[in-house]
Amino acid sequence: MDGAAGPCSLELIVTTAAGKPAYAATVKVHIDYGFGGFHKLDLEAGTNSDGKVKFTGLPARVHRPPLDFHASKDAFEGVASVDPSAECQAKHNITLQKSKE
């Protein structure tokens, strides 16, 4: 998924609590960037069969870092927090846990 808003990227690996890749999990992020956070970007992508998804074109500076990438599948969810100014080319894992709702 290309946000076309900057040079940074994030690769996520989403797994189940059992450690298996979470195929077709949805990952969403809301980004406020630019002077005063006037530019807004909502990205959403699904994981592949290896539980991987990559976001490119993320801005290096965002309004109120970090960015929270929310992953979900069925009744499971997880979050990865990333500050693009500290790690522009990031790789993180998200382990899905049973939703508390």
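Predicted, not measured: the structure shown is a model, and the values here were computed from it.
- Between D50 and N48, the closest heavy-atom pair is N-OD1, 2.9 Å.
- Rounding to the nearest 0.5 angstrom, the gap separating the OG1 atom in T95 from the CD atom in E77 is 13.0 Å.
- Of all the heavy atoms in P84 and C8, the pair that sits closest is O-SG, 4.0 Å.
- Residues A90 and V82 approach most closely at CB-CG1, 4.2 Å, considering heavy atoms.
- Here the side chains of F55 and V27 are in contact, with some heavy-atom distance below 4.5 Å.
- T26 pairs by the side chain to side chain donor-acceptor pair (under 3.5 Å) definition with nothing, not counting sequence neighbours.
- You'll find the side chain of I31 reaches within 4.5 Å of the side chain of L67, heavy atoms only.
- Note that CG of L58 and CG of D2 are 8.5 Å apart. Values are rounded to the nearest 0.5 Å.
- In this structure, the side chains of T47 and P21 stay at 4.5 Å or more apart for every pair of heavy atoms.
- F69 CZ to L10 CG: the interatomic distance, rounded to the nearest 0.5 Å, is 4.5 Å.
- With rounding to the nearest 0.5 Å, the separation of OG1 in T15 from CG in L96 is 6.5 Å.
- The two atoms that bring F38 and F35 nearest to each other are CD1-O, 2.7 Å, heavy atoms only.
- The salt bridge (Lys or Arg N to Asp or Glu O under 4.0 Å) search around D32 returns K40, not counting sequence neighbours.
- Going from atom OG1 of T56 over to atom NZ of K54 covers 7.0 Å, rounded to the nearest 0.5 Å.
- The heavy-atom pair separating A80 from I94 by the smallest distance is CB-CG1, 3.6 Å.
- Formation of a donor-acceptor pair under 3.5 Å by the Q89 side chain with backbone atoms of E11 is not found in this model.
- Applying the side-chain hydrogen bond (donor to acceptor under 3.5 Å, both in side chains) definition to pairs two or more places apart or across chains, those involving residues 59-72 are D68-S81.
- Interatomic distance, H92 NE2 to I13 CD1, rounded to the nearest 0.5 Å: 11.5 Å.
- At least one donor-acceptor pair under 3.5 Å links the side chain of K73 to the backbone N or O of Y23.
- Using a distance-only test at 3.5 Å, with no hydrogens or angles considered, no donor-acceptor pair links the side chain of D74 to the main chain of F76.
- V53 and A45 get closest at one heavy-atom pair: CG2-CB, 3.6 Å.
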